[in-house]
Undergrad: 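Quick one: this structure, given as structure tokens, is what I'll be asking you about.
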2 protein chains.
Amino acid sequence: MNAAHHHHPDPKLSYNQGEILTCLRQAKEPMSAYAILDRVRTAGISHPPTVYRALNDLMQKGMVHRLQSRSAFVACDHGACDGKFAFAICRRCDKVVEIPLSDDDQAGLLGLAPDEISPEKVTLEIAGLCIACRPAETA
Amino acid sequence: MNAAHHHHPDPKLSYNQGEILTCLRQAKEPMSAYAILDRVRTAGISHPPTVYRALNDLMQKGMVHRLQSRSAFVACDHGACDGKFAFAICRRCDKVVEIPLSDDDQAGLLGLAPDEISPEKVTLEIAGLCIACRPAETA
DNA sequence: ATGCGTGATGATATAACATAACAACTATGA
DNA sequence: TCATAGTTGTTATGTTATATCATCACGCAT
Ligand SMILES: [Zn+2]
Ligand SMILES: [Zn+2]
Ligand SMILES: [Zn+2]
Ligand SMILES: [Zn+2]
């Protein structure tokens, strides 16, 4: 199989990267690596390392983000971004909203780090209840 | 085995909880659940569910925190705390510093959440390089 | 053309992390 | 006694992630 035979979301991506990014974009919700694997089997991708390789490459490019609190992956809402984002996640339905962080936001967060650790990267995830799940919570 | 036969870090803790909290406090660094399991075998704890149960109980009490970005657990630096903390973590040596968050800090973080998700809990982990690892990085 | 280096992918196996489900034991009090 | 709640033990399994080596396609120098 060859890249030229398929539509790619970005010409710089390899075949596997393109398939997996497309899968995540269509899902519009976080997917585990193994859920992705199930969905791309028809595209000829059939082993976990293949999926993790592509996910790591896509994360390096900023096109995919990992939700640490869920061990799941989402396509970047903005095509790509570079460390300057956070997530809000509904604890009930797993809906995810990507939050762009301003430079000030970033600086403020990095400023929380103590002197003995010079900060480089911030992981911020805010869990809560989305508007659709709020009624269901009054049980 | 019975709690009365052992010194406990807190009388309200069960035997298993006490052993595992003591283990984490002695380590002073993050430990995976399975690393804890190895260390408490001599105390009669020998199965993963036992460790995870105690860890979950201790986390509920705020006496143990989980580092999402490492799948590891640390004893709270302050005995116990209640959601109002962050971590700075050295990406090279895994040194961890717990950062207490002021009410203002918390409010600021929760304020980043979009309208459609009402925020409840914030997970903030800042990765960087600790002072001891800075020389080693110039490779 | 031949051979080489590089990057991407394929494939096997295993490691590391976490939980479901059920059984057993203790303590407490009706 | 009996029921109840709390804790722990045990087996089995599910889920997430990586190490390692093999293979393939391509560009390029000889
Ligand atoms: Zn993004
Ligand atoms: Zn929701
Ligand atoms: Zn704490
Ligand atoms: Zn360090």
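So you know, we letter chains A, B, ... as the sequences are listed, proteins then strands, and number each from 1.
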Undergrad: Has the side chain of B/R53 got a donor or acceptor atom sitting under 3.5 Å from an opposite partner on the base of D/dG6?
TA: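 Such a pair does not exist between side chain and base.
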Undergrad: Could you check whether A/E29 pairs with A/K95 (Lys NZ or Arg NE/NH1/NH2 to Asp/Glu carboxylate O, under 4.0 Å)?
TA: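 Here A/E29 does not pair with A/K95 in a salt bridge, since their nearest N and O are not under 4.0 Å apart.
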Undergrad: Do the side-chain N or O atoms of B/S14 get closer than 4.0 angstrom to the phosphate oxygens (OP1, OP2) of D/dT8?
TA: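 For D/dT8, OP1 or OP2 has a side-chain N or O of B/S14 closer than 4.0 Å.
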Undergrad: Rounded to whole Å, please give me the gap between CG in B/N16 and P in D/dG6.
TA: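 My rounded result for the distance is 17 Å.
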Undergrad: If an axis is fit to five pairs at each end of the helix from C/dA1-D/dT30 to C/dA30-D/dT1, what is the angle between the two, to the nearest 10°?
TA: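 For the helix from C/dA1-D/dT30 to C/dA30-D/dT1, the axes at either end differ by 10°.
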Undergrad: Considering only C/dC17, D/dA17, D/dT7, which nucleotide approaches the side chain of A/Y52 most closely?
TA: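 Of C/dC17, D/dA17, D/dT7, D/dA17 is nearest to the side chain of A/Y52.
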Undergrad: Let's see if you can work this out: which of C/dC17, D/dT18, D/dA17 has an atom nearest to the side-chain heavy atoms of A/N56?
TA: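 Looking only at side-chain atoms, A/N56 lies closest to D/dT18.
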Undergrad: Is A/R66 touching bases, backbone alone, or none of the nucleic acid, heavy atoms closer than 4.0 Å?
TA: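 Since only primed, P, OP1 and OP2 atoms lie under 4.0 Å of A/R66, the category is sugar-phosphate.
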Undergrad: Carefully, step by step, assess B/Q68 and B/T123 under the rule side-chain hydrogen bond (donor to acceptor under 3.5 Å, both in side chains).
TA: CA-CA 8 Å; B/Q68 303 280 5; B/T123 299; 4.6 Å; no
Undergrad: Planes under 30° and centres closer than 5.5 Å, is that true for A/Y34 with the base of D/dT15?
TA: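 Here A/Y34 fails the 5.5 Å or the 30° condition.
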Undergrad: Please determine whether a side-chain nitrogen or oxygen atom of A/S32 lies at a distance below 4.0 Å from atom OP1 or OP2 of D/dT16.
TA: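 Answer yes for this pair, as a side-chain N or O of A/S32 is under 4.0 Å from OP1 or OP2.
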Undergrad: How close do B/K84 and B/Q106 get, heavy atom to heavy atom, and via which atoms?
TA: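 Of all heavy-atom pairs spanning B/K84 and B/Q106, the closest is CA-NE2, 3.6 Å.
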Undergrad: Fit a plane to each ring of A/Y52 and A/Y34, take the angle between them on a 0 to 90° scale, and name the class: parallel (under 30°), tilted (30 to 60°) or perpendicular (over 60°).
TA: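 Geometry flag for A/Y34 against A/Y52: perpendicular rings.
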